[in-house]
Amino acid sequence: MKNKTILSSVLAATMMLATFTGCGSNNQDAFDTQVTDIQSSEENVVANESTEMPGFDADAVIGVTLPWLGTQNWVEAKEMFAEELAKEGYKPLVEAADQTVTLQQQQIKSMIEAGAKAIVIGPVDSAQLADVIDEAKASGIYIIGYDRLLESTAGVDALVQYGSIETGKLQAEALVQGLKEKKGNSPYNIELFGGGHADPNSPNFFNGAMEVLQPLVDDGTIVIESGQTDFIQCATADWNNAKAQARMEELLSTYYTDKEIDGVLCPNDGIARACITACENAGKETPVVSGLDAENDSVQWIWQGRQYSTIAKPTDKLVKRTVEVINSLRDGKGLPDTDVKVENGVKEVPVYELTPVVVTKENEKEVFANDPLRMELLQD
Ligand code: BGC
């Protein structure tokens with residue numbers, strides 16, 4: 001890949017900037033523009049000398065299957081894929097699988113039968129899609145993972161996502177910053193929550209966060225009263241908010257009857273609000289809580305000081321990047337160049353990785369400056 005060094009430097013510099021400044025949308029925009037400029041230039045397209053990655057018609061059927069519509073990001077993705085793909089002249093088939101593996105397998109089969117040229121998959125449980133992905137591959141269909149990695153299959157061509165380890169690190173950094181700001185001197189009592197077991201993002205978010213938190217547990221700055229520090233113990237089946245709330249209630253009544261809970265590491269906004277609600281119902285002072293997705297309710301809760309932070313991973317940018325990858329394949333140019341690769345158990349998958357951004361009350365207006373719907377929520 002020709003511009004490996006240049007692209008690496010852009011990525012590294014931009015990620016450092018994002019991390020150190022807790023930056024807003026301007027830096028994100030600058031990042032996207034730089035990466036798009038580099039990646040879309042003719043000479044940076046992976047050589048596609050042969051018919052190895054043949055193009056397809058401009059009005060082709062493009063399938064999209066998303067895992068569920070239980071969090072705002074997937075609802076946005078469903079609408080935006082339908083719109084962006086139609087705008088390009090494709091025939092979009094956009095579905096959501098209601099957390100049901102068999103339904104998602106059927107959806108992919110129907111897309112194969114409908115003659116799809118590319119299928120975008122946000123898997124419910126990627127480990128269980130290998131067979132149907134192989135079937136799609138045998139029909140010459142391009143397979144792109146969206147937001148979540150497609151594991152254990154050689155059939156996946158690429159993944160488009162916000163860095164998942166980086167997301168976890170940012171969540172933990174925001175939590176620690178909030179604890180210092182809101183709770184004064186350590187030690188801080190915190191508890192840990194993870195996402196759904198079948199989602200490959202969940203252990204990445206958790207492990208990324210633990211890179212930041214473990215040294216602070218080791219030196220006594222942070223105390224986890226329950227001792228539950230393993231991903232499996234902390235995971236939330238199916239990303240189900242009610243299950244997270246029940247676990248938080250259990251933790252409070254078992255370990256916190258005579259002490260305060262200062263913070264909770266939460267993997268997304270739904271689970272953050274569930275944990276905050278459990279603490280409020282138990283009569284506790286609101287702990288410092290991290291989140292993810294910049295969901296409308298959490299954008300408001302952060303403004304009101306009820307949730308400390310979230311991570312913005314704007315859906316429009318992710319959908320647009322995915323459509324750019326599809327366009328490159330359509331035009332017979334193969335996959336746009338990228339340096340980032342991730343091992344899925346069978347192959348190294350090229351990843352188009354965008355940079356997530358921490359949001360707290362302090363930078364909310366800056367981050368959402370170009371997002372009128374979220375800006376409207378920031379009312380006193
Ligand atoms: C996504 C998050 C989302 C979660 C639950 C994850 O894979 O990255 O944005 O909150 O799934 O839907």
Side-chain angles (χ1 to χ4, degrees), residues 24-25 28 64-84 94-100 104 120-124 146-148 160-164 167-168 170-171 174 193-196 198-199 201-202 205 236-245 264 266-277 289-304 306-323 354-361 363-365 367-379:
S25 52
Q28 176 73 51
V64 178
T65 165
L66 305 171
W68 68 326
L69 298 177
T71 51
Q72 195 176 324
N73 62 306
W74 299 115
V75 177
E76 291 170 347
K78 189 163 186 277
E79 286 163 11
M80 289 173 185
F81 268 119
E83 200 179 306
E84 293 295 321
V94 187
E95 312 270 6
D98 201 17
Q99 294 282 38
T100 310
Q104 192 159 48
V120 176
I121 306 175
V124 173
Y146 174 81
D147 191 306
R148 299 178 175 180
V160 186
Q161 73 167 182
Y162 284 88
S164 53
T167 296
L170 292 179
Q171 288 175 323
F193 281 71
D199 177 352
N201 283 339
S202 303
F205 294 160
T236 307
D238 296 329
W239 286 96
N240 181 312
N241 298 341
K243 288 183 184 158
Q245 187 164 334
V264 188
C266 287
N268 77 354
D269 284 343
I271 292 176
R273 294 193 302 274
C275 288
I276 292 167
T277 303
V289 176
S290 65
L292 171 68
D293 291 336
E295 291 197 343
N296 290 350
D297 286 344
S298 288
V299 165
Q300 278 179 311
W301 284 33
I302 290 170
W303 192 248
Q304 294 158 1
R306 232 170 135 191
Q307 180 175 327
Y308 181 73
S309 65
T310 186
I311 306 283
K313 52 193 275 277
T315 307
D316 55 344
K317 292 197 164 85
L318 205 59
V319 167
K320 284 190 176 134
R321 193 75 192 96
T322 309
V323 174
L354 305 191
T355 305
V357 174
V358 174
V359 185
T360 61
K361 182 167 183 176
N363 69 349
E364 249 190 324
K365 287 203 162 160
V367 174
F368 301 128
N370 299 322
D371 184 338
L373 294 177
R374 284 182 174 83
M375 278 303 268
E376 238 173 65
L377 303 170
L378 308 181
Q379 308 285 342

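None of the values given here were measured: they were computed from a predicted structure.
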(request) Any salt bridge (Lys or Arg N to Asp or Glu O under 4.0 Å) involving residues 290-303? Give me the pairs, sequence neighbours left out, ordered by first then second residue. (result) Arg273-Glu295, Asp293-Lys313
Side chains of [X] and [Y] in contact at under 4.5 Å (non-hydrogen atoms):
X	Y	value
Arg374	Asn296	yes
Ser164	Phe205	yes
Val319	Tyr146	yes
Val299	Leu378	yes
Trp301	Asp269	no

So, the side chain of [X] versus the backbone of [Y]: is there a donor-acceptor pair under 3.5 Å, distance only?
X	Y	result
Ser290	Cys266	yes
Ser298	Ala294	no
Thr310	Val359	no
Gln307	Val289	no
Thr65	Ala96	no

Where is the tightest heavy-atom contact between [X] and [Y], given as atom of each residue plus distance?
X	Y	result
Pro314	Tyr162	O-OH, 2.7 Å
Thr360	Ile302	C-CG2, 3.7 Å
Val367	Val358	CG2-O, 4.3 Å
Val124	Gln104	N-OE1, 2.8 Å
Gly291	Ala272	CA-CB, 4.4 Å
Ala174	Ser309	CB-OG, 3.5 Å

What's the separation between atom [atom1] in [X] and atom [atom2] in [Y], rounded to the nearest 0.5 Å?
X	Y	atom1	atom2	value
Ile271	Thr236	CD1	OG1	3.5 Å
Thr100	Trp68	OG1	CH2	11.5 Å
Lys78	Asn73	NZ	CG	14.0 Å
Met80	Thr322	CE	OG1	12.0 Å

(request) Would you please name every residue forming a side chain to side chain donor-acceptor pair (under 3.5 Å) with Trp303, sequence neighbours left out? (result) Asp380
(message) If we count only N and O atoms by modelled type, under 3.5 Å, do the side chains of Gln72 and Glu76 hold a donor and an acceptor together?
(response) yes
(message) Between Asn201 and Gln161, does the side chain to side chain contact (heavy atoms under 4.5 Å, CB included) criterion hold? Intermediate values first, please.
(response) CA-CA 10 Å; Asn201 283 339; Gln161 73 167 182; 3.3 Å; yes
(message) Checking side chain to side chain donor-acceptor pair (under 3.5 Å) between Trp239 and each of Thr71, Asn268, Asp199, which is the one that passes?
(response) Asp199
